[in-house]
> 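Quick one: structure below, then a few questions.
All of these numbers come straight from a predicted model, not from anything done at the bench.
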Amino acid sequence: MSDIGYLDGKVPTGPIDEKWTSHKFNMKLVNPANKRRYDIIVVGTGLAGASAAASLGELGYNVKVFTFHDSPRRAHSIAAQGGINAAKNYKNDGDSVYRLFYDTVKGGDFRAREGNVYRLAEVSVDIIDQCAGQGVPFAREYSGLLDNRSFGGAQVSRTFYARGQTGQQLLLGAYQALARQIRAGSCTLYNRTEMLDLVVKDGTARGIVVRDLLTGEVTSHSAHAVVLATGGYGNVFYLSTNAKGSNTTATWRAHKRGALYANPCYTQIHPTCIPASDDFQSKLTLMSESLRNDGRIWVPKNPADTRSPDQIPEADRDYYLERRYPAFGNLVPRDVASRNAKTQIDEGRGVGPMKNGVYLDFGDAINRVGPQVIKERYDNLFEMYERITDEDPYKVPMRIYPAVHYTMGGLWVDYNLMSNIPGLYVLGEANFSDHGANRLGASALMQGLADGYFVLPYTIGDYLAGMLGEKPLDTSDPAFKQSEAEISDQVKRLLSSRGKQTVDQLYRKMGVDVVWAKCGMARNAAGLEQAISDIRAIRDEFWSDINITDQSQTMNQSLEKAMRVSDFIDLAELMCKDALHREESCGGHFREEYQTPDGEALRNDDQFAYVGAWQWTGESGQQKLHKEELAFENVKLAQRSYK
């Protein structure tokens, strides 16, 4: 284990509104004619990965792009519905770059790095111009100007959207830019190929080892720099709104090669998801936060009230968010809305067949603006809801309940988006950098495209400029061969398993019964200690008692799942370890022992105003903690209030 030493975020000095501009000027550049001499690997083709690969290819670098999907368009970014934030102030309602910066730091409960967040707000205005230029069909007002709507944690309208398909349209824009570079020859696409290891030699990232998901072949690829844009780890809970294929393997394997994992306990629970309909469900469905613009959230005041929602009069309804948070109402941040929904259900006021939801009611909005306007805003979301539940939200309220949606934790990166391993960059949800302990709605798409289009193309050049004339490490090097052998050994070990339990049985047991139950919306010391013990027992069961019925060395989805679940098990233990050590409540990390008298998150700024970055020491659960202290020079630390 190498000594990390002081954890330096490398945030430039100077006024916050000048940091990024001065940093761009001070960074080293690569001559356009020299860019073709550099090889860069990009893993992941969602918004962050596709935009980064397209931008780097356009600049002239030789880019290898890897995705385990059959097409980059399958990336989970395509599932994002509601919108993307940008401080354009088109509504003339008081928005600005500084206000977006402030709302994001406050929304993250003061656990994010100020310099990174300000840069994100600063480049947000360029993202909209870039995407509109690509032809992304943003919604427009009658005049033809781009429209905006509101999202949680803000009192201005700054969210640009394409009905309920914003992620899909943005990804198609990034994908077409990537496809152009593939055709031009600057980018080479490897689809149906999964990264299984990061190769590090002499402390520097040198390449990756991958497995072809169709043939089973394990091969190595080298480059001057490696970029991970592989998304978050929400599927550690088994039930989430993430695509079932979303996993943590790329980032976790990088962690085991020395990359620090930061704030893994910061996970986001989205308040507007369709409740589970039975105990056998394997996937949850998101209903966009944009619905909270027009929908009002309520429960019956009387827990025993069994009337149909349209038969319950106003006097018998509790619009609890409007009652508790009059200034923000139904547009409080996600962590606040989710905890309040949990409280209502825990107290017996849940609705629906399983009493596991609250109502999201559009009756007032339909009466105010008419069903046609609501249809124009949310028709595809209403249609999706009706297909899943067989209930018409134009006639009866939606039923919603919080579900895992996003992870604010991830690999630690500095201001340049480089991890503590030189040459390894991490973008989008795969890193920890911008959202603190809670992400505001419509900010994930903003971060992914900011990192890929406007940050990495500058910062990676500063690193590569010092490598002019160097060739990538040859894939015949022992560092690559050793990694290939380790992966082949793991595959053989899994395929030789002849136990009695399926991977899914243990996966669900860990994700639902342990991680969600004890490290979900609410946590406490006793529960977390028990969770760590349970996860260790499940790990033992996994390696001694699973049965992979498909013994094929080639296309084998059972094997793929087993490898991913083995990484989830190790990550789950670190999540609980991180949550146990952080003796405070902040954002999505809610420790029941640390709350205000009225049930809000109670931070401990004196002891925990830092990024907790964990270093692999050779054994799961034995990671070493490193701290990056957070300095707040522009936003005053204060107890969050949305009342």
Side-chain angles (χ1 to χ4, degrees), residues 35-78 130 134 167 170-199 205-215 217-231 243 245-247 249-251 253-254 411 417 423-431 448-457 459-461 463-464 472 475:
K35 288 187 171 75
R36 66 179 70 98
R37 300 183 182 184
Y38 293 99
D39 296 341
I40 301 173
I41 287 172
V42 177
V43 185
T45 58
L47 286 180
S51 61
S55 300
L56 295 172
E58 184 76 40
L59 285 171
Y61 295 107
N62 300 311
V63 184
K64 294 181 180 181
V65 190
F66 295 83
T67 176
F68 62 74
H69 297 292
D70 55 354
S71 166
R73 292 175 296 170
R74 295 282 189 181
H76 186 61
S77 298
I78 207 166
Q130 166 86 2
Q134 290 175 332
L170 291 172
L171 185 57
L172 289 174
Y175 168 69
Q176 71 184 18
L178 172 60
R180 178 174 176 269
Q181 295 307 312
I182 293 172
R183 183 185 178 97
S186 61
C187 292
T188 303
L189 176 66
Y190 296 83
N191 64 340
R192 302 297 294 160
T193 305
E194 183 167 23
M195 171 185 161
L196 293 180
D197 205 1
L198 174 74
V199 175
R206 301 291 188 172
I208 62 174
V209 177
V210 301
R211 180 175 179 271
D212 187 307
L213 298 182
L214 297 180
T215 67
E217 183 183 11
V218 175
T219 57
S220 294
H221 298 264
S222 65
H224 293 92
V226 176
V227 179
L228 298 186
T230 52
S246 298
N247 62 82
T249 291
T251 54
R253 302 292 172 96
L411 294 185
L417 303 183
L424 176 64
Y425 290 82
V426 191
L427 312 187
E429 191 178 356
N431 75 31
L449 293 179
D451 288 355
Y453 281 139
F454 297 106
V455 180
L456 182 73
T459 60
I460 200 169
Y463 172 75
L464 295 175
T475 55

> So do L456 and Y425 actually touch side chain to side chain, heavy atoms under 4.5 Å?
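They are in side-chain contact.
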> Do you know which two heavy atoms are closest between G452 and S51, and how far apart they sit?
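Result for this residue pair: CA-OG, 3.2 Å.
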> Give the minimum heavy-atom separation between L228 and A250, together with the two atoms involved.
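The answer is CD1-O, 4.0 Å.
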> With side chains defined as the heavy atoms from C-beta onward, is the minimum distance between L424 and L198 less than 4.5 Å?
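The answer is yes, as the side chains (C-beta and beyond) meet within the 4.5 Å cut-off.
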> If you measure from NZ on K64 to CG on L189, what distance do you get to the nearest 0.5 Å?
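Output value for this atom pair is 13.0 Å.
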> Ring pair (Phe, Tyr, Trp, His ring centres under 6.0 Å) with Y61: which residues, sequence neighbours excluded?
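Expected list: none.
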> For A243, does its backbone N or O pair with a side-chain atom of H76 as donor and acceptor, under 3.5 Å?
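Side chain of H76 to backbone of A243, a donor-acceptor pair under 3.5 Å: yes, one is there.
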> Does the side chain of T45 reach to within under 4.5 Å of the side chain of L171, using non-hydrogen atoms?
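T45 vs L171: side chains apart.
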> Please report the interatomic distance CG(L427) to OH(Y453), rounded to the nearest 0.5 Å.
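Here the interatomic distance stands at 13.0 Å.
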> Enter the distance from H69:NE2 to L213:CG here, rounded to the nearest 0.5 Å.
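Result: 10.5 Å between the selected atoms.
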> Just verifying a value: how many Å separate Y190 OH and I208 CD1, rounded to the nearest 0.5 Å?
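CD1 of I208 is found 9.5 Å from OH of Y190.
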> Hydrogens and angles aside, do Q176 and Q134 bring a side-chain donor and acceptor to less than 3.5 Å of each other?
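There is no such pair (donor and acceptor under 3.5 Å, judged by atom type) between the side chains of Q176 and Q134.
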> Quick one: does L178's side chain get under 4.5 Å of C187's, heavy atoms only?
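Side chain of L178 against side chain of C187, heavy atoms only: contact under 4.5 Å found.
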> Can you name the ring pair (Phe, Tyr, Trp, His ring centres under 6.0 Å) partners of Y463, sequence neighbours left out?
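Once residues adjacent in sequence are excluded, Y463 has no partner under the ring pair (Phe, Tyr, Trp, His ring centres under 6.0 Å) criterion.
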> Please report the C-alpha distance between I40 and V227 in whole Å, then the side-chain angles of each, then the deciding distance to 0.1 Å, and finally whether the side-chain contact (heavy atoms from CB on, under 4.5 Å) criterion is met.
CA-CA 7 Å; I40 301 173; V227 179; 4.0 Å; yes
> Just by distance, do the side chain of R192 and the backbone of F68 share a donor-acceptor pair under 3.5 Å?
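Present.
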> Output, in order, the C-alpha distance, side-chain angles, deciding distance and verdict of side-chain contact (heavy atoms from CB on, under 4.5 Å) for R206 and S222.
CA-CA 6 Å; R206 301 291 188 172; S222 65; 5.8 Å; no
> Could you check if a side-chain atom of H221 sits within less than 4.5 angstrom of a side-chain atom of T475, using non-hydrogen atoms only?
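They are not in contact (no side-chain heavy atoms under 4.5 Å apart), so the answer is no.
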> Report the C-alpha distance between L172 and R73 in whole Å, list the side-chain angles of each, state the deciding distance to 0.1 Å, and finish with yes or no for side-chain contact (heavy atoms from CB on, under 4.5 Å).
CA-CA 7 Å; L172 289 174; R73 292 175 296 170; 3.8 Å; yes
> I need the L214 CG to D70 CG distance, nearest 0.5 Å.
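Atom-to-atom, L214:CG and D70:CG are 9.5 Å apart.
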> Test side-chain contact (heavy atoms from CB on, under 4.5 Å) on T219 and R211 and set out the steps.
CA-CA 6 Å; T219 57; R211 180 175 179 271; over 6 Å; no
> What pair of heavy atoms forms the shortest contact from T230 to A430, and how long is it?
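Of all heavy-atom pairs spanning T230 and A430, the closest is N-CB, 3.9 Å.
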> Has N191 got a side-chain atom pairing as donor or acceptor with S71's backbone, closer than 3.5 angstrom?
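It does not hold such a pair.
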> With a 3.5 Å distance limit and no angle check, can you tell me whether H224 reaches the backbone of Y38 through a side-chain donor-acceptor pair?
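Answer holds: no.
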> Test your reading of the model: is there a side-chain donor-acceptor pair from N431 to the backbone of V426, 3.5 Å cut-off?
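Between the backbone of V426 and the side chain of N431 there is a qualifying donor-acceptor contact (under 3.5 Å).
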> Hey, does the side chain of D197 reach the backbone of V209 with a donor-acceptor pair shorter than 3.5 angstrom?
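Pair absent, no side-chain N/O of D197 close to backbone of V209.
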> Could you check if a side-chain atom of V218 sits within less than 4.5 angstrom of a side-chain atom of L196, using non-hydrogen atoms only?
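The answer is no, as the side chains (C-beta and beyond) never meet within the 4.5 Å cut-off.
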> Is any side-chain heavy atom of L449 less than 4.5 Å from a side-chain heavy atom of L170?
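Side chain of L449 against side chain of L170, heavy atoms only: contact under 4.5 Å found.
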> Compare all side-chain heavy atoms of T188 with those of V63 and state whether any distance is below 4.5 angstrom.
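No, side chains not in contact.
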> To the nearest 0.5 Å, what is the distance between NZ on K35 and CG on N62?
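Between atom NZ of K35 and atom CG of N62 there are 12.5 Å.
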> Whether the side chain of S77 engages the backbone of L47 through a donor-acceptor N/O pair (distance < 3.5 Å, no angle test) should be reported.
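Confirmed, S77 side chain pairs with L47 backbone.
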